[in-house]
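Chain letters run A, B, ... following the sequence lines, proteins first, then strands; residues in each count from 1.
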Amino acid sequence: MQERYNPAEIEARWQEKWAREKSFRVHEAEGKPKYYLLEMFPYPSGRIHMGHVRNYSIGDVVARFKRLQGFNVLHPMGWDAFGMPAENAAIQHGTHPAVWTTENIANMRAQLKKMGLSYDWDREVATCAPDYYRWEQLIFLRMLEKGLAYKKSAAVNWCPSCETVLANEQVEEGCCWRCDSTVEQKELDQWFFRITAYAEELLDWTNRLPGWPESVLTMQRNWIGRSQGCEIDFAVEGDSRAIRVFTTRPDTLYGATFMSLAPEHPLAEMLTTADRRTEVEAFVRRIQGIDRLQRTSDDLEKEGVFTGSYCLNPVTGRRMPVYLANFVLMDYGTGAVMAVPTHDQRDFEFARKYGLPLQVVIQPPGEVLDPATMTGAWEEAGTMVNSGPFDGLDNDSGKLRITEHLEQLGCGRRTVNYRLRDWLVSRQRYWGTPIPVVYCAECGTVPVPEEQLPVVLPTDVVFTGEGGSPLAKLESFVNTSCPRCGSPARRETDTFDTFVESSWYFLRYASPQHDSGPVERSAVDYWLPVDQYIGGVEHAVMHLLYARFWTKVMRDIGLAGVDEPFTNLLTQGMVCMETRSCPEHGWLYPEESQGDRCSKCGAPAVVGRNEKMSKSKKNVIDPDGLIARYGADTARLFTLFAAPPEKGLEWNDQGVEGASRFLHRVWRLVGDHLELVRGAGGIDPAGLDESGRDLRRQVHRTIRKVTDDIDGRFQFNTAIAAVMELVNGISAWPDKTRHPAVLREALETVVRLLGPFVPHVAEELWRELGHEQGLEACGWPVCDEAALAVSTVLIVVQVNGKVRGKVTVPADADESTVREAALGDPNVARFLEGQTVRKVVVVPGRLVSVVAG
RNA sequence: GCCGAAGUGGUGGAAUGGUAGACACGUCGGUCUCAAAAACCGAUGCCCUCCGGGCGUGCCGGUUCGAGUCCGGCCUUCGGUACCA
């Protein structure tokens, strides 16, 4: 055995062995329970970052642990390979996206292999490969048949920088999720997936995913935004048309005194009278000129314009002036709102501004609202007034009663409204899955027939960076013939949102080479659902909602038998580091600010707060450099030890040193005792003295602790801490030569418990300890309950809630013995002097609490 | 505003309602060395009259023999979301 721990040599050797022997390859196996462990696959940007290191280290611990526990573990890896950066690289550096992506994948695969992750590399998929996306095109055709995919013209989010449209989920605070440009609105003809058809089911299942973090479920529930209410039709005065509104407050109908429409509402123009036209048009133009971010900001003043028309309140007959209002959104509800200024704050402000009438219809308990003196709307519960036959009802029952009344009148009905919009999947980009349809002058929109799939993304395109998809300019791709009538036709040149590929890759992993369909049903039935999914919380709504939807679609077209894709979800925290900047040279990389000074000018570096590692702020650590310097095991150990997985991880160079030091210590501890331990026989528990039993007890306590911490709790930091304690305990144990068998068990346990965390060094030490077969052959260590037995226990004694003494008693001492021992402790007795003992609580094996006074 | 999570030493973080601060980092002291690094040993919440005692888990109350943990009310930070009718 080498005297010094040399990670580079050890790691290369084991990685080579794992690759050569395909150690982590799996098949559907009878007789062994399956476990599907998945980490979110990366975008092949070129290099892995610390977020990947953390994500995949966490996953690998679980994979290796479950394997040791006897599960048949599916642990795959692949590439989310379509996307914009590839296209940008082509524009900027002239490298073709396919070449760029392939090279990046090769680089990153090599990096991941250097981390010693236990993937079944035979299942690797890249979503840009035709034999992946062809099945996506097929599923799209099925969705088209079922009406789950459709094309419509709509106002959509347009990112001017990415030159493509975005789904609602992909707009964050009015900006593009990817590049942060301000998103504009454009009216375009686009493809959508009917995710709203699954809104109710997606929502319903959020209550049946106990293995998901509550925060993620809440975010999804809010995003779906179900709201129960009622649609009401308001007849337009002197017109056959009606304005339909959605409201959750039908109980306030008698108080509706005017109507507000979105400026984009289809009826807006028709309802504008000649004398109002100039003003209305100016208003609409002005509002549409404001970008979405400002328009939906809270402090935008409520503004509107009168159209000149009136509609009629169906229950009061009141003439309600129809306004256009800047705060009414066309894409929620029906784009029209019945305004009840007394019971809705926005309507209140609007009414005050334009001098519109107020009518109180809900009285709060013990108070009388007066429209003349109200300073705000009353939006809470109360008793109905001025509401004809409904007076005196509590407003909650009023909701139902008025809805029923409207249903009888034929001008209203119960409805459920969702905030969730259909998923806009068209992208005006090249590097994505071609949408397999053809436009024919005769036949209209024609799906590409199944047998003609895949529609292969052509490679001979020209990247100018000057707007528009390069695909649309490629005549050889665009010009085709209609599959139905044979006449000349044009291909769809939009490609899919790349979230489509990531919505089903976990299903493809079950049978990645299957070539007669998207998935092999028997393989999906065996492996799915994913038992544990691990990834960043930033995907809480987008990816995780799309993946749930797509899984249900695949179920409904017979490709999968599960309702939900992911049984358990772990969302890991971000990797953070403090930023450093120079007043002169801006953000500094860690190596540019050594000694707390800017390496360029020597000015003191300004230390900023801890933030998510990002290239733009240069607060990044390069995993390659870390691995080259310390080895993969140290990198893994530090990221697992520094914080529990779901919390943010604060980077700390000295912490890395500490992790490395620990591995060196373990190496030495084993190496120093190899001779002693190699000749050791089995343990005879009965023949051990107290010291031997003590170490064995610690060994088996550690087994129990580490097992509990990994299994389900994912408390890797405390699991590692427990092993560190054991290592400290072994180092300090004075009887190594007297009990070599106990020492052997202790050292072997350390190595076995470390296996999932630092697999290379663990396997190496295991071999040094004389084992021909790897760690997996003997499984996960089992806690020997008998070894945990203690003869005496330390009892804490409290007097009036404060610790006043500690006594040691036999483990099997009865309550009165413990009580007497506690009261007999000199220091305890001191505090009881002159006091009456009123109560004594004895917690067996733990403490005695004395109440005196 | 609403929803969610979290506030514990110099730092990262531990604690089924039962000795608060495990483990690690850092710092200080020591051993070894010509010296340094590495390694090892010891100390390390604050305070005092220091075999002992007082105070300490964001703030204020409560439940309990006993609260970092449970309950009520605040404050702060982070994340999500928002004219959603």
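Dashed line: the shortest gap from a side-chain N or O of A:N728 to OP1 or OP2 of B:A24 is under 4.0 Å. Between B:C65 and A:K839, a contact under 4.0 Å exists linking OP1 or OP2 to a side-chain N or O.
Closest contact between the side chain of A:L329 and the listed nucleotides B:A15, B:A24, B:C84 involves B:C84. Minimum atom distance to the side chain of A:Q654 is reached by B:C25, of the listed B:C84, B:G18, B:C25.
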Interface polar pairs with nucleotides 38-42 of chain B, N/O, under 3.5 angstrom:
unit_1, atom_1, unit_2, atom_2, d
B:A39, O3', A:R668, NH1, 3.4
B:C40, OP1, A:R665, NE, 3.3

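Taking atom P in both B:C71 and B:G79, the straight-line distance is 26 Å, to the nearest Å. Only the C1' atoms considered, B:G30 is 25 Å distant from B:A22, to the nearest whole Å. B:C60 and B:U8 have their P atoms separated by 16 Å, given to the nearest Å. Comparing the same atom, P, in B:U31 and in B:A36 gives a spacing of 11 Å after rounding to whole Å. Taking the P atoms as reference points, B:G68 lies 10 Å from B:G18, given to the whole Å. Between the P atoms of B:G9 and B:A14, the separation comes to 14 Å (whole Å).
Take the nearest nucleotide of RNA chain B for A:A643 and for A:S849: the residue whose nucleotide is more 5' is A:A643. Nearest-nucleotide mapping onto RNA chain B: of A:V850 and A:G333, the residue sitting toward the 5' end is A:V850.
Note: A:Y354 and A:F350 have tilted aromatic rings, judged against thresholds of 30 and 60 degrees for the angle between ring planes.
Within the 4.5 Å cutoff, no side-chain heavy atoms of A:L847 are placed close to those of A:V797.
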Counting primed atoms, P, OP1 and OP2 as sugar-phosphate and everything else as base, the B/S/- map of nucleotides 51-59 of chain B against protein heavy atoms under 4.0 Å is -SSSS----
